[in-house]
Amino acid sequence: MIQKSPVMRKCISCRTTFDRNNLLKITNDHKLGIMLNQGIGRSAYICKSKKCYTDSKLKKKLQKALKGILNPEFIDIFEREIANYK
Ligand SMILES: [Zn+2]
């Protein structure tokens with residue numbers, strides 16, 4: 001049996017490394033702009049801890065990490081997503 005090792009990624013807020021499946025992936029798609037859990041391009045990850053997804057500097061950190069601007073559509077989708085974790 002082949003043991004599948006988890007893909008580890010770092011949360012941009014707390015800088016802790018997690019299994020990629022336990023993180024929110026935010027991608028700056030080169031055509032479609034910044035997207036949640038989809039798209040191809042530069043990506044950043046946030047863990048699902050309240051401290052991180054409600055980080056007041058999160059939007060700035062994301063924009064810096066993704067080298068893009070968060071659009072209102074993304075913020076709307078993101079806020080709806082994190083509402084599930086509360
Ligand atoms: Zn975190």
Side-chain angles (χ1 to χ4, degrees):
M1 232 177 88
I2 300 162
Q3 185 135 31
K4 224 179 133 193
S5 60
V7 180
M8 304 301 280
R9 291 288 183 265
K10 201 187 271 182
C11 168
I12 61 160
S13 179
C14 62
R15 309 220 161 255
T16 308
T17 305
F18 294 93
D19 182 334
R20 188 242 163 285
N21 294 324
N22 296 324
L23 293 159
L24 291 168
K25 184 187 186 195
I26 295 103
T27 301
N28 189 0
D29 186 277
H30 50 87
K31 279 188 192 140
L32 302 166
I34 293 174
M35 305 173 86
L36 182 67
N37 292 327
Q38 54 185 319
I40 300 160
R42 184 182 289 271
S43 297
Y45 296 83
I46 309 167
C47 71
K48 293 174 183 173
S49 82
K50 194 171 185 182
K51 188 170 80 61
C52 290
Y53 62 69
T54 59
D55 182 350
S56 60
K57 295 191 183 93
L58 185 64
K59 282 164 190 158
K60 268 187 187 162
K61 285 174 183 171
L62 276 174
Q63 293 189 149
K64 199 177 164 196
L66 298 169
K67 299 189 191 301
I69 302 293
L70 300 181
N71 54 55
E73 291 80 13
F74 169 80
I75 290 166
D76 194 49
I77 291 166
F78 181 74
E79 282 175 355
R80 256 183 286 157
E81 176 69 22
I82 63 175
N84 297 326
Y85 306 138
K86 283 170 189 166

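Just so it is clear, the structure is predicted and the values come from calculations on it, not from any experiment. As the structure lists them, so they are numbered: ligands from 1, and atoms in each ligand from 1.
The neighbour count for I40 CD1, taken as heavy atoms of other residues, nucleotides or ligands under 6.0 Å away, does not exceed 12.
Neighbouring protein atoms of the Zn ion (ligand 1) (N, O or S, distance under 2.8 Å, waters ignored): C11 SG, C14 SG, C47 SG, C52 SG.
Minimum heavy-atom separation, L62 to A44: CD2-CB, 4.1 Å.
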| task | Report the C-alpha distance between S13 and K61 in whole Å, list the side-chain angles of each, state the deciding distance to 0.1 Å, and finish with yes or no for side chain to side chain contact (heavy atoms under 4.5 Å, CB included). | result | CA-CA 8 Å; S13 179; K61 285 174 183 171; 4.0 Å; yes
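A 4.5 Å side-chain heavy-atom check between I34 and F78 finds every atom pair outside the cut-off. In this structure the side chain of C47 reaches within 4.5 angstrom of the side chain of C14, judged on heavy atoms. The closest side-chain heavy-atom distance from K48 to L24 is below 4.5 Å.
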